[in-house]
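Everything quoted here is computed from the prediction, not taken from an experiment. Throughout, a chain's letter reflects where its sequence line sits, starting with A, and its residues are numbered from 1.
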Amino acid sequence: MSAALRLVNPQNTSQWDESDIKELAASSTRSAMEMVIRKYRQPLYFHARYIVKDHQEAYDLVQEVFIKAMRETRLFEEDFKIKAWLFRVTSNLCFNTVRNRKRRGALLDTMMRPEPFGADQLERIFCGEQQSEVMASLDELSDDHKQILLLRYYDDLSYAEIAEVLQVKLGTVMSRLSRARMRLMDVMQDTSLAN
Amino acid sequence: MDCLMISSRVAAFVDGELESCECERFVLHIETCDPCTQIVIQIEAQRFSPLSADQRRSICERGAFWGEMDTELNGHLDALVVAPVGPWHRRRVGLPVPMVVAYAAAILLAVVWGVQQQERAQLAELASEHLGQQLEKERRLAAQPGVITPPVSGDGSYKVVTYAPERASF
């Protein structure tokens, strides 16, 4: 069996929207599921990576999300929002992982774990981003505020998509995002004063 | 729009997500309110620097980046036994067992209650019909003067009879 997903046309995943995938699901659930995986695994990996800050954990979590998606019976139903569902499940799993890690104090294990795929280069790319003042300050925020800022500015979701992911109203997204940015501003000011 | 409203919409304003009418009211307010203007300036100064699309792609296109995941998910996809989505009348409905049991119990209770109500209604109808017949009979008896026979004793008076329930005799 080939390691790569056996897909009809793997080059154009970004051009496929959810309605195309649902249409494909009517004839082949497997092909539709492969399209979902190819389309969303990269954004989900980076979303997970921003929260858990560990390649292997983010990778495993995304894999777990797709396994959950395969078991989700409503996935290809007409009014089901696949992207919102995937981001919601990923966020929940990531924040649970971070909470469990904090509880177990397993941060040292994570730091000592070797990273594959040219870890040095990968880390250099991420470190450049992690060292930015804003990214460093994000960790000081609550999960709600951190999540909404990541969804908006790192995952590039629209306000409407964020409302679907968080299952809140559009007005709530606006006010929560504003509060998150105000809080971030306070944290950044405190940090600069401390330095 | 007041200062409180401004604080809850400042991110949406900076991101260009406000409706045009709301945006106009926002601008009208910050033109005359220095503290709110300062908030907008500070929020605009926040610089988010996510990896570019090219950087992301360069990370994920490394040799076997997705290889491990593909192998794992292929196994799950092979085992995937999900009926393709067809017309509504051919779709399988997946409901949790407790919900189905609860619905079935509720329907059964409703049917039993309905049958009981129907029986009671029939009995009540029979009783009222019987009572009506009795009343009609009484009315007819009362209307016939010859039915009550006059006393046959010598003085022509009626004899008063009393019933003693403790002895069960007259």
### Message
I'd like to check B:L73 versus A:M70 (side-chain heavy atoms, cut-off strictly below 4.5 Å). Are they in contact?
### Response
yes
### Task
Using non-hydrogen atoms and a 4.5 Å limit, figure out which bit of A:L184 sits close to chain B: side chain, backbone, both or neither.
both
### Whether over 12 other heavy atoms sit under 6.0 Å from B:Q116 CD
yes
### Message
If you apply the rule side-chain contact (heavy atoms from CB on, under 4.5 Å), what do you find for B:Q55 with A:F46, and how did you get there?
### Response
CA-CA 11 Å; B:Q55 283 173 311; A:F46 284 101; over 6 Å; no
### Task
Using the rule that two of Ile, Leu, Val, Met, Phe, Trp, Tyr join whenever any of their side-chain heavy atoms come within less than 4.5 Å, decide whether B:V40 and B:L28 are in one cluster.
no
### Query
Taking the side chain as C-beta and beyond, is there a heavy-atom pair between B:F65 and A:R41 under 4.5 Å?
no
### Message
For A:Y59 and B:W66, take the angle between the two ring planes, folded into 0 to 90°, and tell me which bin it lands in: parallel under 30, tilted 30 to 60, perpendicular over 60.
### Response
parallel
### Task
Kindly indicate whether the side chain of A:Q63, heavy atoms from C-beta on, has any atom under 4.5 Å from the side chain of B:H76.
no
### Query
Nearest 0.5 Å, what's the CD-CE distance between A:E64 and B:M69?
11.0 Å
### Query
Do B:L51 and A:Y50 have side-chain heavy atoms sitting under 4.5 Å apart?
yes
#### Entry: Spacing of CG belonging to A:L149 relative to CD belonging to B:Q46, to within rounding of 0.5 Å
7.5 Å
### Task
Side-chain contact test, heavy atoms from C-beta onward, threshold under 4.5 Å: evaluate it for A:Q189 versus B:Q42 and give yes or no.
yes
### Test item: B:S8 side-chain N/O and A:S175 main-chain N/O as donor-acceptor pair under 3.5 Å
no
### Query
If you count the non-hydrogen atoms of other residues, nucleotides and ligands that lie under 6.0 Å from CG in B:L4, is the total more than 12?
no
#### Entry: Rounded distance (nearest 0.5 Å) linking atom CD of A:E34 with atom CG of B:L77
5.5 Å
## Note on the structure
Within residues 9-18 of chain B, the residues sitting under 4.5 Å from chain A by heavy atom, in sequence order, are B:R9, B:V10, B:A11, B:A12, B:V14, B:D15, B:E17, B:L18
### Query
In Å and rounded to the nearest 0.5 Å, what is the CG to CZ distance from A:D156 to B:F48?
12.5 Å
### Query
How far apart are the closest heavy atoms of A:Q42 and B:R57, and which atoms are they?
NE2-N, 4.0 Å
### Message
Rounded to the nearest 0.5 Å, what separates atom CD1 in B:I43 from atom CG in A:L177?
### Response
9.0 Å
### Task
Below 4.5 Å from any heavy atom of chain B, which atoms of A:R74 appear? Answer side chain, backbone, both or neither.
neither
### Message
Around atom CD of B:E136, are there more than 12 heavy atoms from other residues, nucleotides or ligands closer than 6.0 Å?
### Response
yes
### Task
Flag yes if more than 12 heavy atoms outside A:E23 fall under 6.0 Å of its CD atom; otherwise flag no.
no
#### Entry: Crowding at CZ, A:F80 (>12 non-hydrogen neighbours, <6.0 Å)
yes
### Within 6.0 angstrom of A:K83 NZ, more than 12 heavy atoms from elsewhere
yes
## Note on the structure
Taken to the nearest 0.5 Å, the spacing of B:I59 CD1 from A:H55 NE2 works out to 10.5 Å
